[in-house]
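So the structure is just underneath, and the comments pick up after that.
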Amino acid sequence: MKRTKIIDLTGEKIGQEVVVKGWVKQFRQNRFLIINDGSTINNIQAVVDHETMDASLLETITTAAAVSVSGQLVESQGRGQSVEVLVNSIEVLGTADPEALQETILQPKRHTLERLREQAHLRFRTNTFGAVFRVRHALAFAVHKYFNDRGYFYLHTPIVTGSDAEGAGEMFRVTTLPFNDTPRDEDGKVDFSEDFFGKETNLTVSGQLEAELGAMALGQVYTFGPTFRAENSNTSRHLAEFWMIEPEVAFNDLNDNMDLGEDFLQYCVNYALEQCKDDLAFLHDREVQAEKQKPQNERNELNLMDRLKFVVDNDFERLTYTQAIDVLLNSKPHKKKKFKYPIEWGVDLQSEHERFLVEKHFKKPVILTDYPAKIKAFYMRLNDADEQGRETVAAMDILFPGVGEIMGGSQREERYDVLKAKCAEAGIPEEEVWWYLDTRKFGTAIHAGFGLGFERLVMFVTGMTNIRDVIPFPRTPKNAEF
RNA sequence: GCUUCUUUAGCUCAGUUGGUUAGAGCAUCUGACUGUUAAUCAGAGGGUCCGGGGUUCAAGUCCCUGAAGGAGCGCCA
């Protein structure tokens, strides 16, 4: 008989014989067998009549064992669940020695997230990580569905790149050269002509430049792939290997780009709200419980569901960087000297400033545009200087409650001469980016796009506060376990 | 990379001005109970106090040093 997934054991199936396979969460009183199969956060209770069951079989049913039970699905006599399985027969597919289990996070106890992280290979079995990774899947699917439904083409940009012009951070070198007796030229420098690709290569830090090439032919494209940064970043928001989403659209200006970013984020959050109700309810409760343990001043003002609705129900407030600086300069916390970092035109905003704008001042998600050219990347389109002669670029950052910046994008510099000059200014040799400059020579057109770290989105939607807990196997400085 | 905190039983932690045999809850095991759902009750086992060095009659406790982890900052997505 084919197994039925727990998610499909609904009231309509009452009276039917079913086979359920999964892992034992708990076995109480030799009678109540709680099973989860990963299809949902919800468990099924299988009721065993221990008087008619083989006692030696029952002894092998321990926490974390894999079992197959068959029996009739009935309305539950107890209160905690609507249906349960009256067991006819049980097969233990894989045992789990309780003494050995003590060494693992599968022992039926609360564990800290740090402990769970050390056993990332087993943490999928926990309620929290089951929920997180089901939500992660739903969001990944929503990304593809959103773009596909709107006629975007999924472009696979290279993972090994021969260009180090993205300037987005330190890169991981890809090489087959030996560590000893590395071939060197007359000046003693490594001779990469002997390397596998015949040149210096690295893991990609961004697919954006390549995505622009695609957009300048296919019209609208997006990338969604792994990205690597060799930065020694020790924070709860950075990974050495993460997944990035980068749409790029020909003929879009900054306003179109903002429309796209806002619509996309609302779509993804909505999709999770609709598709992951049980998981999000669990994560919500989990966060509420955790918040209770914190002192008042460290608590989140908005709980998880509030924050998700905050994004879905509000139009995003749009203003320029210059306007934002004015708002901040006139704000109460600034006048009362509550901000830790100074506010001044030309410096990047700190997360305390971003959070003030979103959570206190506008009380809605915020899109900041037109940042000072000096603090943004070379490929962003240069605006006309303002009356004070200050140079800005057509950039946009979307700010969310709790997390601050969730997305960054811009209209790209489409003018060949301006782009060439900005490359020179940024110290990028022309021979490195000749292919990128070519699109500005042959039928250039305005275009725009953005980038968003997928894990940041998963963090926002699940409420997890450490990025290592929203990717199955995190890669961080000094850690590549599993 | 910087600042700061943490490291004691399988897990989460307590451990007083340095002083006899290092404790609790949960988990595990044994038994009782058997419509429970954080089950309950009784009992048992379980320790290289993160590693190294030092001070002292005496160190889980004080000092130095190393490692791992957390939080914050920088960099950024």
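Residue numbers begin at 1 in each chain, while the letters A, B, ... track the order of the sequences. Note: hydrogens, waters and symmetry copies are ignored here, and every other heavy atom, side chains too, is used.
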Margin query: Can you tell me which nucleotide in B/G1, B/G35, B/A39 comes closest to the side chain of A/Gln26?
Written below: B/A39
Check: In terms of side-chain heavy atoms, does A/Asn257 have a donor or acceptor partner in A/Asp259 at a distance below 3.5 Å?
Finding: no
Checklist line | A/Leu101 CG to B/C26 P, straight-line distance once rounded to whole Å | finding: 19 Å
Check: With ring centroids as reference points, do A/His144 and A/Phe224 lie under 6.0 angstrom apart?
Finding: yes
Notebook entry, point to check: Are A/Arg468 and B/G70 close enough that a side-chain N or O sits under 4.0 Å from OP1 or OP2?
Noted result: yes
Notebook entry, point to check: Do A/Gln107 side-chain and B/G10 base share a donor-acceptor contact under 3.5 Å?
Noted result: yes
Check: So, A/Arg456 and A/Glu405, do they make that salt bridge, N to O below 4.0 Å?
Finding: no
Item checked: Nearest to side-chain heavy atoms of A/Lys109, which nucleotide of B/U34, B/A27, B/A77 -> B/A27
Checklist line | Identified pairing partner of B/A58, criterion: Watson-Crick or G-U wobble below 3.5 Å | finding: none
Checklist line | Gap in Å between the two P atoms, one belonging to B/A24 and one to B/G47, rounded | finding: 14 Å
Item checked: Sugar-phosphate only, base, or nothing, as touched by A/Leu239 at under 4.0 Å among non-hydrogen atoms -> base
Next item on the list: Take atom C1' in B/U65 and the same atom in B/U55, then report the distance between them in whole Å.
Entry: 15 Å
Item checked: For B/C41, the Watson-Crick or wobble counterpart (both distances under 3.5 Å) -> B/G31
Next item on the list: If B/U36 has a Watson-Crick or G-U wobble mate with both distances under 3.5 Å, name it; if not, just say none.
Entry: none
Item checked: Out of B/U34, B/A71, B/G1, whichever nucleotide has its closest atom nearest the side chain of A/Gln29 -> B/U34
Check: Base, sugar-phosphate, or nothing for A/Thr104, non-hydrogen atoms under 4.0 angstrom?
Finding: nothing
Next item on the list: Can you tell me, in whole Å, how much space there is between the C1' of B/U30 and that of B/U16?
Entry: 37 Å
Item checked: Earlier contact from the 5' end, RNA chain B, for A/Ser76 and A/Ser236 -> A/Ser76
Checklist line | Any A/Arg28 side-chain nitrogen or oxygen under 4.0 Å from OP1 or OP2 of B/A39 | finding: yes
Next item on the list: Check whether any side-chain N or O of A/Arg136 sits under 3.5 Å from a backbone N or O of A/Val470 as a donor-acceptor pair, and report yes or no.
Entry: yes
Check: Does OP1 or OP2 of B/C76 have a side-chain N or O of A/Arg456 closer than 4.0 Å?
Finding: no
Checklist line | Taking every non-hydrogen atom, the tightest pair across A/Tyr152 and A/Val221 | finding: CD2-O, 3.7 Å
Next item on the list: Look at A/Ser233 and B/C75 and indicate whether a side-chain polar atom (N or O) is within less than 4.0 Å of OP1 or OP2.
Entry: no
Checklist line | Ring centroids of A/Phe242 and B/A77 base under 5.5 Å with planes under 30° | finding: yes
Next item on the list: Quickly work out the A/Asn43 CG to B/A38 C1' distance and round it to whole Å.
Entry: 13 Å
Checklist line | Which nucleotide in B/U37, B/A77, B/U28 has an atom nearest any side-chain atom of A/Pro108 | finding: B/U28
Margin query: If I take atom CD in residue A/Glu241 and atom C1' in nucleotide B/C76, what distance separates them, rounded to the nearest angstrom?
Written below: 17 Å
Item checked: Nucleotide nearest A/Ser351 when distance is taken to its side chain, options B/C75, B/A27, B/C73 -> B/C73
Checklist line | Nearest listed nucleotide, side chain of A/Gln350, among B/G74, B/G72, B/U36 | finding: B/G74
Margin query: Please confirm whether the shortest side-chain N or O distance from A/Gln77 to OP1 or OP2 of B/U36 is below 4.0 Å.
Written below: no
Item checked: Watson-Crick or G-U wobble mate for B/U6, both contacts under 3.5 Å -> B/A68
Margin query: What is the distance, to the nearest angstrom, from the CG atom on A/Asp49 to the P atom on B/U36?
Written below: 16 Å
Check: Ignoring hydrogens and angles, does a donor from either the side chain of A/Gln45 or the base of B/U36 sit under 3.5 Å from an acceptor on the other?
Finding: yes
Next item on the list: Using the P atoms only, state how far B/G60 lies from B/G52, rounded to an integer number of Å.
Entry: 13 Å
Notebook entry, point to check: Under 4.0 Å between a side-chain N or O of A/Asn30 and OP1 or OP2 of B/U34?
Noted result: no
Next item on the list: Among the candidates B/C75, B/G69, B/U12, find the nucleotide nearest to the side-chain atoms of A/Glu231.
Entry: B/C75
Notebook entry, point to check: Do other residues, nucleotides or ligands put more than 12 heavy atoms under 6.0 Å from A/Lys13 NZ?
Noted result: yes
Next item on the list: If B/U17 has a Watson-Crick or G-U wobble mate with both distances under 3.5 Å, name it; if not, just say none.
Entry: none
Note to self: Once you apply a heavy-atom cut-off of 4.0 Å, does A/Arg237 come out as touching a base, just sugar-phosphate, or nothing?
What the structure shows: base
Check: Between A/Phe228 and A/Phe242, is any pair of side-chain heavy atoms under 4.5 Å apart?
Finding: no
Item checked: Value in whole Å for how far the P atom of B/A27 lies from CZ of A/Phe27 -> 17 Å
Notebook entry, point to check: For the rings on A/His284 and A/Phe282, is their centre-to-centre separation under 6.0 Å?
Noted result: no
Notebook entry, point to check: For the side chain of A/His238 and the base of B/C76, is some donor closer than 3.5 Å to an acceptor across the two?
Noted result: yes
Check: Hey, would you say the A/Phe129 and A/Phe124 ring centroids sit under 6.0 Å apart?
Finding: no
Next item on the list: Compare the minimum distances between each of B/C75, B/U36, B/U28 and the side chain of A/Glu99, then state the nucleotide with the smallest one.
Entry: B/U28
Next item on the list: Classify the side chain of A/Asn466 versus the base of B/G70 as yes if they form a donor-acceptor pair under 3.5 Å and no if they do not.
Entry: no
Item checked: Minimum-distance nucleotide (side-chain atoms of A/Glu103 versus B/G10, B/C76, B/G35) -> B/G10
Notebook entry, point to check: Roughly how far apart, to the nearest Å, are B/G51 and B/U12 at atom C1'?
Noted result: 23 Å
Next item on the list: Provide the Watson-Crick or G-U wobble partner of B/G47, both distances under 3.5 Å; none if there is no partner.
Entry: none
Notebook entry, point to check: When the nearest nucleotide of RNA chain B is assigned to A/Gln102 and to A/Arg79 on a heavy-atom basis, which residue is associated with the more 5' position?
Noted result: A/Gln102
Item checked: Euclidean distance, atom CG of residue A/Asp397 to atom P of B/A77 [Å, nearest integer] -> 9 Å
Check: Taking only side-chain nitrogens and oxygens of A/Arg115, does any of them come within less than 4.0 Å of OP1 or OP2 of B/C11?
Finding: yes
Margin query: Between B/C2 and B/G10, how many Å separate the two C1' atoms, rounded to a whole number?
Written below: 36 Å
Checklist line | Between B/G18 and B/A58 - P atom distance, rounded Å | finding: 15 Å
Notebook entry, point to check: Does the side chain of A/Lys25 pick up a donor-acceptor pair with the side chain of A/Asn127 at under 3.5 Å?
Noted result: yes
Notebook entry, point to check: Where the side chain of A/Pro98 is defined as all heavy atoms beyond and including C-beta, which of B/U36, B/G70, B/C29 is the nearest nucleotide?
Noted result: B/C29
Checklist line | Same-atom distance (P) from B/A44 to B/A39, integer angstrom | finding: 23 Å
Notebook entry, point to check: Atom NZ of A/Lys478 and atom P of B/G70: how far apart are they, to the nearest Å?
Noted result: 13 Å
Item checked: Spacing between A/Met407 atom CE and B/A77 atom P, to the nearest angstrom -> 13 Å
